Amino acid sequence: MVEVLEVEDAEVQELFFERGWTDGLPIVPPTPARVQAMLAAGGVSEQDILGSIPQRGRSVDAQQAAICAVMAGARPDYFPIVLCAVEALLDPAFNAHSVLTSTGGAAICTVVSGPIAAEIGMNSTHNALGPGNRANATIGRALRLLAMTVLDARPGLMDASSIGHPGKYTLCFAEDPPPSPWSSLRESLGFQAQDTTVTLMATEGPRQIANHLNGDGHDVLRTFAAMLRSPATFMVGKGGQALAVVGPEHMIAFVEAGISREQACEEIVRQSRIAPEAIVRAGVLIEKGAQHDMTPGADGLLPSVLGPEDLLLVSAGGGGAGWSSMMPAFAPRIHSRAVTRRVRGPEEMLPDCGEDSCAIQLPPLPQE
Amino acid sequence: MPRIEVLSPVPAAEPVAPVALAPRQTIPAQAHLTLICNGKPKAREILSFMAQELGETMSLGEVEIFSKPTAAFPITDQQARELAQRSDLVIAALGDCGACSACSLHDAIQMERLGVPATVVITDVFQRTVASFSRTLGVEGYHSVVLPHPVSSRSEERLRRLARESAQTAHDQLAGSALMLAAAA
């Protein structure tokens, strides 16, 4: 049951700050009318359950997601994306319970691939990961606000992030359709071109990749691998996932060299394998007998990214010098995996999960 | 001054059903001690050393190390039931990060719910995090064996000393002679 507060208009912001219901920035007050408009745009009812985290004793319903979307400053037409992202967040494979608690301080990196991104005005080009676009900023922010309030991930308490990073405010952008013959992210993940998908990965902060002078796609792949292969990155040597934003110049380099998405992923994963000695030279110890198996492979090397399917390449960014961006997962894949869900339009019903407890037939009461 | 209605993003506080701890009865002779190891570096070592120390003050039979594949998930309900069938005492470790301390705490409380006295080993910097999760799991103020952070980079000699210094605390928490929860009940 949601609590309704009656507050002096001038006091709303201070109330939300005092109660720890913000990310440190002012919010849009979630009035009943604003929340209803959000729900209507998503085609969902207040009590529709989006998912749960049993370890926290929390389930999330559509009304709570709508409240956080309003607070974030989202428009109602963004809400189908927000709903989809919340469902992905609560997928057990993403492991939000640990992602939101870890000292690693992960961002909820959110990538939208498909036609709805452009329809709602998301940014996929200049400054794609930066400020200035309402949809990018508020969709990502809605997820973080939900994590902090509904899921109680508060710094120093149930969010034990040591350092954190600015991506925890918001880290959401849209895919810029890649040049032919590259397929879109969603198609590479098995969805249809006409679908819109939301992909979540729990990531560290973005590391900017620079290769401005070399137009050879094979050399640019090496640059991506070099950025990944950092012994100071937690998952390196243990095997995780990563999401790379491929800027326009680097996309052109790949396409002109005849490098497909699959080849690019295979090569970057292979070339980012790292020698145990390189890790030790950087002052990092190799785990032995612990949860991360750091036994070298047949090539004597350890993985940064576990396999080609664990590297997501997303075309985005504005034209200009050869920039891209690499976001490693905050932890090895055994702890959390990226999740991709298809966006349901407001006309689509929530999936029917089959028989549930409502179908239990209670035995008749004994006759007196 | 105009007033407006706003909806709270935080769920209305519903009292969490308190979880009853496993009764602290006399520890049986040749007790089966299960160490739920989450695979964090030095977790196995600190657990093994603590078990050795406990063996000086308790009659322990089999000491089993149950290894989780990842520190980021609690044990499953089925695993908990199976462990409860054969364990007299449980220690879960090592909670030296955010997610792992929450999950190891969860492991210990799962065992308590199934009637097995338990405790969890954490490092001091995670006491607030563990206290928050204890509340949501229905055992406000649940006990823990608190070690100075960090543990994972310590030498074997240091780990043995930590185990020696914390053994009495672990004993009391498992045997029930120093329960903190009586006041919270």
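To find a chain, count down the sequence lines: A is the first, B the second, and so on, and within it residues start at 1. Source: prediction; values computed, not measured.
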Under 3.5 Å donor-acceptor, A:Gln291 side chain and B:Ala71 backbone: yes
Contacting region of A:Pro92 [heavy-atom separation from chain B under 4.5 Å]: backbone
Most chain A-contacting option - heavy-atom pairs closer than 4.5 Å, from B:Ala99, B:Ser152, B:Pro9, B:Gly98: B:Pro9
Residue, of A:Ala33, A:Ala10, A:Ser336, A:Pro30, that accumulates the most heavy atom pairs under 4.5 Å with chain B: A:Pro30
Per-residue contact mode, A:Glu11 against chain B (heavy atom under 4.5 angstrom): neither
Residue selection (most heavy-atom pairs with chain B, distance under 4.5 Å) from A:Asp61, A:Thr103, A:Val12: A:Thr103
Residue among B:Arg44, B:Glu45, B:Gln127, B:Lys40 with most heavy-atom pairs under 4.5 Å to chain A: B:Lys40
Rounded distance [0.5 Å steps], OG in B:Ser153 versus CG in A:Leu285: 8.5 Å
Contact class of A:Val35 relative to chain B, heavy atoms under 4.5 angstrom: side chain
Test log, rule side-chain contact (heavy atoms from CB on, under 4.5 Å), inputs A:Gln55 and B:Thr136: CA-CA 9 Å; A:Gln55 302 94 323; B:Thr136 63; over 6 Å; no
Check: A:Asn95 side chain, B:Phe73 main-chain N or O, donor-acceptor pair, under 3.5 Å: no
CZ/B:Phe66: more than 12 non-hydrogen atoms of other groups inside 6.0 Å: yes
Under 4.5 Å from any heavy atom of chain B - which part of A:Arg58: side chain
Distance, nearest 0.5 Å, that separates OG1 of A:Thr31 from CD1 of B:Ile4: 7.0 Å
Crowding at CZ, A:Arg154 (>12 non-hydrogen neighbours, <6.0 Å): yes
Short side-chain to backbone donor-acceptor contact, B:Arg128 and A:Leu157, under 3.5 Å: no
Top contributor to chain B interface from A:Cys68, A:Pro32, A:Gly57 [non-hydrogen pairs under 4.5 Å]: A:Pro32
Distance (rounded to the nearest 0.5 Å) between B:Met1 CE and A:Glu8 CD: 5.0 Å
Worked verdict on B:Thr129 versus A:Thr101 for side-chain contact (heavy atoms from CB on, under 4.5 Å): CA-CA 9 Å; B:Thr129 297; A:Thr101 311; 4.2 Å; yes
Atom pair SG (B:Cys103) and NE2 (A:His97), whose distance is rounded to the nearest 0.5 Å: 4.5 Å
Within 6.0 angstrom of B:Arg154 CZ, more than 12 heavy atoms from elsewhere: yes
Residue A:Met148 versus chain B: region with a heavy atom under 4.5 Å: neither
More than 12 heavy atoms from other groups under 6.0 Å of CD on A:Glu6: yes
Largest heavy-atom contact set with chain A, pairs under 4.5 Å, which of B:Pro41, B:Cys97, B:Cys37: B:Pro41
Gap between atom NZ of B:Lys42 and atom CD of A:Glu287 - 0.5 Å precision: 10.5 Å
Verdict with reasoning, A:Gln64 to B:Leu7, per side-chain contact (heavy atoms from CB on, under 4.5 Å): CA-CA 9 Å; A:Gln64 291 168 320; B:Leu7 305 184; over 6 Å; no
Interatomic spacing from NE2 in A:His335 to OG1 in B:Thr70 - rounded to 0.5 Å: 4.5 Å
